[in-house]
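Have a look at the structure below, then the notes.
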Amino acid sequence: MPEVIFSVDQSKSMHDQDVPGHNRWHPDVPVVATVRPGDEFRLETRDWTDAQIGNNDSADDVRDVDLTHAHMLSGPIGVEGAEPGDLLVVDILDIGPVPQQAGPAPGQGWGYTGIFARNNAGGFLTDSFPDAYKAVWDMHGQQATSRHLPGVRYTGIAHPGLIGTAPSEELLARWNRREQALIDTDPGRVPPLGLPPTADHALAGTATGETARRIRAEGARTVPGRENGGNQDIKNFTRGGRVFFPVYVPQAKLSAGDLHFSQGDGEITFCGAIEMGGFIDLHVDLIKGGMETYGISTNPVFMPGNVEPRYTEFMSFVGVCVDHDTDTNHYLDATLAYRRACLNAIAYFTKFGYSGEQVYLLLGSAPVEGRISGIVDIPNACCTLYVPTQIFDFDVRPSAQGPRAADRGRCAVTSG
């Protein structure tokens, strides 16, 4: 096993660890460990909310989760010799939930998927599902089942939802400036158009004094992915995957967290993966001057992992960029087209006895595949959602006999 260079006691908040991590992007968050190009090492991680979500049958915790805690990141890890303009090469060697532990923290044998309420970040389909819901999943090796979604079992593709390098001071200022400009276009929107810096529950790693104060005041929220990577939620970035990160600060300052046991393309419920704490084993290397050499200047480039479930049969749901509620056509809007594909899948699977919320949770967490299938045929963009039929323990294909409806239980709901 590689050396553990960032350890986590799952019985404690990230704030209370012997060496705390961080939850803001800032160039001045201090390095907590240093590695060399060619090294292999392990990071232990905490659930992204710092374990605000419990293994229970209520979605009150999802409704009330405080997003100013997000995301709990392990690091930063310094890489000797890394300089601005280099590419940091990161390989995922292994990843998984907390080893050999059962307990109350996500990753200790269980994980969860949440639909976030509209007034607390919302999700991809928040207009159709404005309230909070939850499904708790039990982990069986590489497979997951849920008491909140009976009749479903699937193999997950574990991956880090969030991994990236630190921004430079100039890049951080650009992030904050452009995102505030977007927020200012509709400052009262619910959910908001962006999340500006806030000192509330900001965690500055091992920084103290004025440095810690500045990190809390200026640090970028970790919710969106940006030029440094960050919260990209790429389900196929798993074991065997490799990513080439732009380096913006000396030592690169690599951090990771928000591990997922499984996820569908798009993580459509916002908390759509099976969220967990756990471990990730990494190998790092450097390509000196690689940003200029390869023209990688605004976002990372990654090579997907070589581990995934062997599903061979899918039902593919199509969506085009038409708002069917108002019968309004939009022009080449791939976001709307994917939303319609998801809603079409939900309408279909409810015929088998699931609630719309249950299917929404399933599409966010199962290894479904989302694709832009047509983006040139004006005016309608076409997106497709591929759902593996083998994840169900009954036949979901259309037939002359009609859908096999049954009591499929219910997901966790709020108390009011």
Side-chain angles (χ1 to χ4, degrees), residues 48-49 53 57-63 65 67 111-137 144-154 156-157 161 190-191 233 235 260-275 314-319 323-325 335-371 383-389 391-392 396 403 405-414:
W48 74 286
T49 71
I53 310 301
D57 299 322
S58 170
D60 288 357
D61 47 11
V62 172
R63 179 195 62 197
V65 68
L67 289 176
Y112 66 91
T113 303
I115 296 173
F116 271 41
R118 176 198 287 276
N119 62 1
N120 193 20
F124 189 54
L125 306 180
T126 196
D127 289 343
S128 300
F129 300 95
D131 301 317
Y133 298 88
K134 182 176 73 178
V136 174
W137 300 88
T145 61
S146 174
R147 62 185 182 270
H148 298 126
L149 272 161
V152 171
R153 174 187 288 262
Y154 56 76
I157 310 175
V190 178
D233 296 311
K235 84 173 194 298
H260 297 164
F261 187 82
S262 178
Q263 180 203 294
D265 279 338
E267 198 189 11
I268 59 174
T269 74
F270 182 72
C271 184
I274 298 182
E275 306 285 352
F314 299 83
M315 289 192 64
S316 179
F317 297 87
V318 176
D323 183 338
H324 293 284
D325 296 328
T335 300
L336 176 57
Y338 193 54
R339 184 176 291 120
R340 291 309 315 178
C342 293
L343 289 170
N344 290 341
I346 290 171
Y348 182 86
F349 289 114
T350 57
K351 297 298 184 180
F352 293 84
Y354 293 113
S355 69
E357 292 80 14
Q358 285 177 301
V359 184
Y360 189 15
L361 288 162
L362 175 63
L363 298 182
S365 59
V368 302
E369 297 181 11
R371 303 181 186 179
C383 289
T384 46
L385 179 72
Y386 289 59
V387 180
T389 59
I391 69 177
F392 299 95
V396 296
D407 181 0
R408 308 292 180 189
R410 72 171 193 167
C411 56
V413 301
T414 58

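Throughout, numbering of the chain's residues begins at 1 and tracks the sequence.
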Do you know which two heavy atoms are closest between [X] and [Y], and how far apart they sit?
X: C411; Y: L361; value: CB-CD1, 3.7 Å
X: A347; Y: T350; value: O-OG1, 2.8 Å
X: A121; Y: P191; value: O-CB, 3.5 Å
X: R63; Y: N120; value: O-ND2, 3.5 Å
X: T414; Y: A132; value: CG2-O, 3.6 Å
X: A144; Y: F261; value: CB-CE2, 3.8 Å

| request: Apply side-chain contact (heavy atoms from CB on, under 4.5 Å) to T113 and H148, showing your working. | output: CA-CA 10 Å; T113 303; H148 298 126; over 6 Å; no
Check side chain to side chain contact (heavy atoms under 4.5 Å, CB included) between [X] and all other residues, then give those that pass, not counting sequence neighbours.
X: D131; answer: Y133
X: S262; answer: Y154, I274, P367
X: P150; answer: Q358
X: R147; answer: N55, D57, V136

Mind checking the [atom1]-[atom2] spacing from [X] to [Y]? Nearest 0.5 Å is all I need.
X: I346; Y: S355; atom1: CD1; atom2: OG; value: 9.5 Å
X: I268; Y: L363; atom1: CD1; atom2: CG; value: 5.0 Å
X: Y112; Y: C271; atom1: OH; atom2: SG; value: 4.5 Å
X: W48; Y: L67; atom1: CH2; atom2: CG; value: 5.0 Å
X: F349; Y: M315; atom1: CZ; atom2: CE; value: 5.5 Å
X: W137; Y: E275; atom1: CH2; atom2: CD; value: 13.0 Å

| request: Would you please name every residue forming a ring-ring contact (aromatic ring centres under 6.0 Å, His included) with Y348, sequence neighbours left out? | output: F317, F352
| query | What pairs with F270 under ring-ring contact (aromatic ring centres under 6.0 Å, His included), at least two apart in sequence or on another chain? | reply | F116
| said: Strictly by salt bridge (charged side-chain N to carboxylate O under 4.0 Å, His left out), give each pair with a member in residues 359-368 just once, sequence neighbours left out. | reply: none
| request: Determine which pairs satisfy salt bridge (charged side-chain N to carboxylate O under 4.0 Å, His left out) with at least one residue from residues 339-366, sequence neighbours left out, and list them in order. | output: none
| request: Let me know which of T269, I115, L343 forms a side chain to side chain contact (heavy atoms under 4.5 Å, CB included) with L125. | output: L343
Taking only residues two or more places apart in sequence, or in another chain, which ones meet [X] in a salt bridge (charged side-chain N to carboxylate O under 4.0 Å, His left out)?
X: R118; result: D127
X: D265; result: K235
X: R408; result: none

| Derivation and outcome, side-chain contact (heavy atoms from CB on, under 4.5 Å), residues L362 and I391 | CA-CA 10 Å; L362 175 63; I391 69 177; 4.2 Å; yes
| task | Report, as yes or no, whether the 6.0 Å neighbourhood of atom CZ on R153 holds more than 12 heavy atoms from other residues, nucleotides or ligands. | result | yes
| request: Could you pull out all residues at least two apart from Y360 that satisfy side-chain hydrogen bond (donor to acceptor under 3.5 Å, both in side chains)? | output: none
